[in-house]
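These notes concern the structure reproduced below.
So that the names make sense, note that chain A is the first sequence line, chain B the second, and so on, each numbered from 1. Only this structure's heavy atoms are used, side chains among them; waters, hydrogens and symmetry mates stay out. Predicted model, so just to flag it, every value in this text is computed and none were measured.
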Number of protein chains: 2
Amino acid sequence: MLDKSQGTREVIRQAAERLFARKSYGAVSMRDIAGAVGIRQSAIYNHFPSKQAILADLMVTHMESLLDAWEEARLEDAPPTERLANFARFHIAHHFDQATAVFIAYMELRSLEEDNFAAVNAMRRRYELAVRQILADGVEAGVFQVPDVNVGARALIAMLTGVTTWYREGGRLSRETIAEIYVEMTLRSVGLETGAGRSLCSTRP
Amino acid sequence: MLDKSQGTREVIRQAAERLFARKSYGAVSMRDIAGAVGIRQSAIYNHFPSKQAILADLMVTHMESLLDAWEEARLEDAPPTERLANFARFHIAHHFDQATAVFIAYMELRSLEEDNFAAVNAMRRRYELAVRQILADGVEAGVFQVPDVNVGARALIAMLTGVTTWYREGGRLSRETIAEIYVEMTLRSVGLETGAGRSLCSTRP
DNA sequence: GTCTATAAGCTGATAGAC
DNA sequence: GTCTATCAGCTTATAGAC
């Protein structure tokens, strides 16, 4: 049973997020969620009209907070290299902070019903566009070498998002170190030399 | 109902693979699979002891075929740059051919029970090691600049595997073109200049 | 806003006829 | 090796008491 001081609705959200991430949407029942919250299954329906509505709420809220945070963090007038490094750092940091929400947003797109999927997917595309724009500006300025900005943007986002599948608190590397590794690989992948020398960390396979 | 000339067991495997990929393991019932095959639910148990056994079989078989194919395709004595390009090309090509199996192997790891997970995960690590080894050799030879070979290997695999989440038959780009885009980004991400000029394709965001 | 009770239907899996 | 029939238990969601 979780702390209820934040309001039952929020506790349900958090319990569902944790359970969906660990066992997948299809494998989690309303009873599971209610059990984690410390209420009966039927009480959930005072806060959400359906199980699908919980998932949609988690994913829409997550995408909104991602887009809002990016609106704050983006550098509008900086040169492309700086903007790309800033994006990579932002994306990794956000994914550390919101690991389970990100995981769900990635893995449970299939579980969204049509309308919910359309809404979430539109927001995903908006985020992707931000990266495409940076890459395109860098190519136009002659500082990036990217064979295709659409594929390039997706490739970069996939690379950076992958961190959630293996990062665990208290591992060998600090968050900051991991972020800098990804920033460096991101910049190199568009053809930039980076200031960083070799071997920030381990070079053994 | 699928063609049964290949044997019912194989038809069940294929139906399950398609359904698991589209709707997720938890959301697919034995009746769904049987319906797609054109038999009754109970008949599946003549071929698999449980639903979990179908998933485990799909994932183990997929990883075995991936590792076998890589054993065939890998270049043992070539210089690191050539081996890395070869890996990227192999990985992308395999993922085009086995798109749904790859998708499941990535998304449904959570749905595997403990022993099955351990078996599949061991094979995943074996595959990852191949990439770590290439990166380490390249770093040692002084031709790659990779801040951390463990993170680097995971980042590259995530970037390349991401192709399955957006590629659709008959799209703007051919398989060969997409493969070359990813090869170029892979080589650049470890600090290499590639022969390819800029702009294989689109540079508009 | 949570509870108990219940609806109506689906779940994985088994038994036994053919 | 597929079928029908069945099991015991689970599913999402609703009705109505408090």
Any side-chain N or O of B:Ser29 below 4.0 angstrom from OP1/OP2 of C:dT11?
yes
Determine the interplanar angle of the B:Trp70 and B:Phe90 rings, folded into 0 to 90°, and report it as parallel if under 30°, tilted if 30 to 60°, perpendicular if over 60°.
tilted
Using only side-chain N and O atoms of B:Ser50, determine if any of them is under 4.0 Å from OP1 or OP2 of C:dG12.
no
Find the distance A:His47:NE2 to D:dT12:C1' and express it as a whole number of Å.
17 Å
Heavy-atom nearest nucleotide on DNA chain C taken for A:Gln41 and for B:Gln41; more 5' hit belongs to A:Gln41
Presence of A:Arg40 side-chain N/O under 4.0 Å of C:dT4 phosphate oxygens OP1/OP2
yes
Salt bridge present between A:Arg125 and A:Glu128 (N-O < 4.0 angstrom):
no
Between D:dT14 atom P and A:Ile44 atom CD1, what is the distance in whole Å?
13 Å
B:Ile33 CD1 to C:dG12 P: how many Å, rounded?
8 Å
Atom-pair distance (CZ on B:Arg31; C1' on C:dG9), nearest Å:
10 Å
Is A:Glu180 salt-bridged to A:Arg89, going by a charged N under 4.0 Å from an acidic O?
yes
Here's one to test your reading of the geometry: is the NZ or CZ of A:Lys51 within 45 degrees of the ring axis of A:Tyr25 and under 6.0 Å from its centre?
yes
